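Input: a single structure, listed below in structure tokens.
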Amino acid sequence: MAAVGLQTHIWANNTRSILLLAGFPVLMVGIIYGVQVILMGIGFLPGTGRGLGDDMALAASWLGGTVPLALGVAAIWFAISYFGSQAMIDMMTGARKVERKSEPDLYNLLENLAISRGLRTPTLRVIDNDSLNAYATGLHEGQYSVTVTRGLVNTLTRDELEAVLAHELTHVINKDVRTMVIASIFAGIISVIAELVFRGLLYSGRGGRRDNKNALPLILIGVGFAAVGFALAIVIRMMLSRTREYVADAGAVELTKNPDAMISALRKVEGRSSLKGPDELQQLFLDNQPNGVGLEGLFATHPSIQKRVDALVKFGGGVDPGPWTAIETASPYAASVPMTG
């Protein structure tokens, strides 16, 4: 893919990201309104005692106070995530920081790629897991980190591993990591709000007044607002992730000048990438199984490996070796030489 074409894709993705991220505060307002309507319906907030329209108007009038409160909570959440996200991710995935002394070849590959783009080398982390996966995290230079699994290091050849590191570094270069982390934080806030709503409904039978004649319509309308907002938040997050994988694959080819290495790496990763982690982190993975069977266009975090390979063949000029079933390699990273996939 030509450099100017790749840059055009990057600009287009960044523009879409700004528009999509701008939708999160709007969704939050809608969800908050839905929560208020639900609470009015189950009797925890007072109604007007008149028609349904009057009750809904009253709930809307409260937004002037509840929205600033929600934004304050969101700011606190963001601050906690900003300073503690990497530690929390390491704890949940088992990732550990490694230095040049312990992983010289792996570290040199990442450092050389970073130097080629005039970047400070991201922190390198390894997860001692047999799955084949990788991801990048961080919000700004000096905080960026690239993590790979031990299975990936032991399975891929040097060129394939370099391509994967270049893929993750492209996410850093294009600020994809920052965008996705921010989107994950917003989505996390919305998820918590939605969970509180449904927990409130679950326990609503234990308290509250029952004198609102509009109770059932209010609850149904409120659940509708909350459910739509929650679903759209998930869809926006998935859309951000999917569009970036194609560009990161192309960026890896631009960095390494080796489309075949990226393709063969993806083929080896295919079906072997299962890695435990929170939903907000899995969207950052090199691959996330399953690849959206049936509902790929809506809820999949990643395009299928086949679609990514097809794009690299078409635009990168690579050759698809087909699904990986066996490997014979002299990779300096392999602890042993696996003979079957």
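Keep in mind the model is a prediction, meaning the values are calculated, not measured.
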Does D130 CG have over 12 foreign heavy atoms under 6.0 Å away?
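Count not over threshold, so no.
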Please report the interatomic distance [atom1]([X]) to [atom2]([Y]), rounded to the nearest 0.5 Å.
X    : Y    : atom1 : atom2 : answer
S145 : D90  : OG    : CG    : 7.0 Å
L169 : R117 : CG    : CZ    : 8.5 Å
K268 : D287 : NZ    : CG    : 15.5 Å
I127 : T93  : CD1   : OG1   : 4.0 Å
N288 : Y135 : CG    : OH    : 13.0 Å
E160 : L132 : CD    : CG    : 10.0 Å

Minimum side-chain heavy-atom gap [X]-[Y] below 4.5 Å:
X    : Y    : value
T149 : L275 : yes
D249 : L266 : yes
R100 : E111 : yes
P259 : M262 : no
H171 : H167 : yes
L216 : L220 : yes
N258 : D260 : yes
L286 : S273 : no

Among residues at least two apart in sequence or on other chains, which ones pass ring-ring contact (aromatic ring centres under 6.0 Å, His included) with Y144?
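For Y144, no residue satisfies ring-ring contact (aromatic ring centres under 6.0 Å, His included) once neighbours in sequence are set aside.
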Please name all residues satisfying side chain to side chain donor-acceptor pair (under 3.5 Å) with Q143, sequence neighbours left out, ordered by chain then number.
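Once residues adjacent in sequence are excluded, Q143 has no partner under the side chain to side chain donor-acceptor pair (under 3.5 Å) criterion.
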Using the rule that Ile, Leu, Val, Met, Phe, Trp and Tyr join whenever any side-chain heavy atoms are under 4.5 Å apart, tell me whether L284 and M92 fall into a single cluster.
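Per the 4.5 Å side-chain linkage, L284 and M92 are not co-clustered.
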Evaluate the side-chain contact (heavy atoms from CB on, under 4.5 Å) criterion for residues L106 and V148: first the C-alpha distance (whole Å), next the side-chain angles of each, then the deciding distance (0.1 Å), finally the verdict.
CA-CA 10 Å; L106 184 63; V148 298; 3.9 Å; yes
Shortest non-hydrogen contact from [X] toward [Y]:
X    : Y    : result
T170 : V247 : CG2-O, 4.1 Å
E141 : L119 : OE2-C, 4.0 Å
L113 : A166 : CD1-N, 3.6 Å
V37  : A59  : CG2-CB, 3.9 Å
G47  : L58  : C-CD2, 4.1 Å
V164 : A265 : CG2-CB, 3.9 Å

Donor + acceptor pair across side chains of [X], [Y] (<3.5 Å):
X    : Y    : answer
T256 : E162 : no
R244 : N174 : no
Y107 : S102 : no
D55  : T48  : yes
N133 : S131 : no

With [X], which residues qualify under side chain to side chain contact (heavy atoms under 4.5 Å, CB included), at least two apart?
X    : answer
K97  : E99, T123, R125
A136 : V146, E168, V172, V177
P217 : L52
R96  : V98, D128, R150

In the hydrophobic clustering that connects Ile, Leu, Val, Met, Phe, Trp and Tyr at side-chain heavy-atom distances below 4.5 Å, which members other than M91 occupy its cluster, ordered by chain and number?
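Answer for M91: none, a lone residue.
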Each residue besides I115 in its hydrophobic cluster should be listed here, by chain and number; the cluster joins Ile, Leu, Val, Met, Phe, Trp and Tyr at side-chain heavy-atom distances under 4.5 Å.
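So far as hydrophobic clustering goes, I115 is joined with none.
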Would you check, one step at a time, whether the test side-chain contact (heavy atoms from CB on, under 4.5 Å) holds for V319 with I263?
CA-CA 7 Å; V319 177; I263 292 173; 5.9 Å; no
By salt bridge (Lys or Arg N to Asp or Glu O under 4.0 Å) - contacts of D320 (at least two apart)
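With sequence neighbours excluded, D320 shows a salt bridge (Lys or Arg N to Asp or Glu O under 4.0 Å) to R267, given in chain and number order.
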Residue list, salt bridge (Lys or Arg N to Asp or Glu O under 4.0 Å) with D54, at least two apart or on another chain:
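Here the qualifying residues are R50.
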Pairs in or reaching into residues 22-45: which pass side-chain hydrogen bond (donor to acceptor under 3.5 Å, both in side chains), with residues at least two apart or in two chains?
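Of all non-adjacent pairs touching residues 22-45, those that pass side-chain hydrogen bond (donor to acceptor under 3.5 Å, both in side chains) are Q36-T66.
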Any salt bridge (Lys or Arg N to Asp or Glu O under 4.0 Å) pairs touching residues 27-36, not counting sequence neighbours?
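Qualifying pairs, neighbours excluded: none.
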Please step through side-chain contact (heavy atoms from CB on, under 4.5 Å) for the pair R308 and V313, ending with a clear verdict.
CA-CA 9 Å; R308 293 167 67 178; V313 170; over 6 Å; no
